[in-house]
Amino acid sequence: MKKPNIPAEIPEIRPGQSIELLKELHILTRDGKLNQDTRRKLKQVYHLYQFIEPLLADATSLADHGAGKSYLGFILYDLYFKARQADEQHGHIYGIETRKELVEKSRELAKRLGFAGMSFLDVTVEESTHSAALPAQIDVVTALHACNTATDDAIRFALEKNAKHIVLVPCCQAEVAATMRARKNESLGKTPLSELWRHPIHTRELGSHLTNVLRCLLLEAHGYDVTVTELVGWEHSMKNELIIASKRGAPRKNARERAEAILREFNIEELAPRFAY
């Protein structure tokens with residue numbers, strides 16, 4: 001009996017995509033079906049892939065921070081890097097994740113699928129900056145929903161590694177809001193702008209917004225062109241802001257000055273080592 005053509009039955013799957021990989025990632029069921037949840041997951045990953053694919057043309061290395069089960073890394077390798085395995089400069093993907101059990105599973109899966117250009121490290125983002133297992137330069141750095149200050153560590157990693165492109169989907173970052181909250185009484189007597197974060201819910205929301213504004217200014221100060229957009233299809237998550245930065249060589253001259261001015265205005269100058277270096 002002829003086996004059904006699964007890609008034809010499921011038009012959402014991209015041509016050339018490994019069906020075995022999608023099953024291993026539990027995006028497809030064992031009998032090759034998509035349910036509502038996994039269809040949404042596949043749509044999300046493909047949507048993000050559309051943003052990243054153009055950045056890979058001049059890239060031979062990619063580091064994915066907070067990789068989790070490495071959905072993104074495996075999809076990127078399967079759709080893009082796998083076809084280049086025969087080339088000397090075929091490219092390599094590094095998945096960086098602190099949960100050792102997830103790293104081990106990813107290593108086993110990459111070996112089983114013959115994805116020779118994938119490596120996985122069970123280290124923090126901060127530790128990875130100095131890890132001998134990574135090359136001196138990484139062309140593309142991604143960090144999707146890396147919690148709290150891990151996104152900031154990923155930015156520092158990218159700058160240290162002279163990354164050509166950086167792709168961030170920031171997660172919650174409590175540091176800015178906590179600092180604003182701790183100095184609230186002082187700020188109330190200093191500037192009428194403090195009314196913007198007088199109430200706790202506003203402190204949280206404004207702190208999150210300020211964090212990403214400061215991240216963008218930091219990247220611009222280091223010579224990156226920055227685009228901020230929304231990840232369509234991630235409506236179930238409030239954290240769907242997408243930051244894409246590409247190195248263009250010429251730093252924006254006043255970016256650091258503006259970041260420092262914002263830190264002063266919001267009375268959080270102590271965070272300058274994180275956002276203005």
Side-chain angles (χ1 to χ4, degrees), residues 1-50 52-53 55-56 59-125 127-128 131-135 138-146 154 167 169:
M1 183 177 177
K2 188 177 179 180
K3 292 183 179 180
N5 187 336
I6 294 176
E9 290 181 357
I10 308 176
E12 295 94 335
I13 296 176
R14 282 175 170 256
Q17 182 78 79
S18 167
I19 301 304
E20 183 183 356
L21 171 64
L22 294 181
K23 288 181 178 180
E24 291 286 354
L25 294 177
H26 303 293
I27 290 176
L28 283 179
T29 60
R30 286 299 168 190
D31 58 352
K33 303 296 182 183
L34 275 173
N35 59 40
Q36 186 176 353
D37 288 339
T38 57
R39 180 174 276 106
R40 184 169 61 244
K41 182 71 176 178
L42 185 64
K43 177 184 176 184
Q44 291 172 355
V45 175
Y46 279 169
H47 184 62
L48 188 56
Y49 177 81
Q50 290 180 327
I52 297 175
E53 184 184 19
L55 310 179
L56 301 177
T60 60
S61 57
L62 181 146
D64 183 24
H65 289 287
K69 296 179 180 178
S70 291
Y71 283 95
L72 178 63
F74 278 114
I75 296 292
L76 285 171
Y77 194 88
D78 190 39
L79 290 178
Y80 193 88
F81 288 100
K82 184 175 67 176
R84 299 163 60 184
Q85 278 191 145
D87 300 336
E88 287 187 14
Q89 299 295 324
H90 64 269
H92 202 100
I93 291 181
Y94 300 88
I96 298 165
E97 169 60 49
T98 56
R99 288 168 287 184
K100 190 175 181 64
E101 68 278 9
L102 295 183
V103 170
E104 290 297 335
K105 288 181 180 178
S106 293
R107 286 172 179 165
E108 292 170 5
L109 179 55
K111 184 177 180 180
R112 191 157 63 248
L113 295 174
F115 289 3
M118 294 192 78
S119 301
F120 302 91
L121 288 72
D122 56 326
V123 295
T124 65
V125 180
E127 290 168 346
S128 69
S131 172
L134 289 158
I138 295 288
D139 294 324
V140 181
V141 174
T142 61
L144 312 182
H145 294 134
V167 180
V169 180

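Positions are given from 1 along the sequence. What you see is a predicted model; the values in this text were computed from it and never measured. Excluded from the calculations below are hydrogen atoms, water molecules and symmetry mates; all remaining heavy atoms, backbone and side chain alike, are included.
- Arg107 has a carboxylate O that lies under 4.0 Å from a charged side-chain N of Glu104, or vice versa, which qualifies the two as a salt bridge.
- Scanning all heavy atoms of the two residues, the minimum distance from Ile138 to Leu134 falls at CD1-CD2, 4.4 Å.
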Original post:
Which is it for Arg112 and Glu24 under the side-chain contact (heavy atoms from CB on, under 4.5 Å) test, yes or no, and what are the steps along the way?
Top reply: CA-CA 10 Å; Arg112 191 157 63 248; Glu24 291 286 354; 3.0 Å; yes
Original post:
So Leu28 and Ile13, side-chain contact (heavy atoms from CB on, under 4.5 Å) or not? Walk me through it.
Top reply: CA-CA 10 Å; Leu28 283 179; Ile13 296 176; 4.0 Å; yes
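- Across all their heavy atoms, His92 and Ser119 have their closest contact at NE2-OG, 2.6 Å.
- Side-chain contact between Gln17 and Asp78 is present, with at least one heavy-atom pair separated by less than 4.5 Å.
- Between the side chain of Ser128 and the backbone N or O of Val125, at least one donor-acceptor pair lies under 3.5 Å.
- Shown here for Leu102 and Lys69, the closest heavy-atom pair between the two residues is CD2-CG, 4.1 Å.
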May I have the list of side-chain donor-acceptor pairs in residues 61-68 shorter than 3.5 Å, sequence neighbours left out?
residue : atom : partner : partner atom : Å
Ser61   : OG   : Asp139  : N            : 3.0
Asp64   : OD1  : Thr142  : OG1          : 2.8

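- Closest heavy-atom contact between Phe120 and Ala110: CE1-CB, 3.8 Å.
- Looking at Ile75 and Leu22, their side chains come closer than 4.5 Å, going by heavy atoms from C-beta outward.
- Residues satisfying the side chain to side chain donor-acceptor pair (under 3.5 Å) test with Thr98, not counting sequence neighbours, are none.
- The closest side-chain heavy-atom distance from Leu113 to Glu20 is below 4.5 Å.
- With hydrogens and angles ignored, the 3.5 Å screen pairs no side-chain donor or acceptor of Lys82 with any backbone N or O of Tyr77.
- Proximity of a side-chain donor or acceptor of Ser70 to a complementary backbone N or O of Phe74 within less than 3.5 Å is not detected.
- Side chain of Tyr80 to main chain of Glu53: no donor-acceptor pair is present (N/O by atom type, distance under 3.5 Å, no hydrogens or angles).
- The environment of CD in Glu101 is crowded: more than 12 heavy-atom neighbours from other residues, nucleotides or ligands sit within 6.0 Å.
- Rounded to the nearest 0.5 angstrom, Leu48 CG and Gln44 CD are separated by 9.5 Å.
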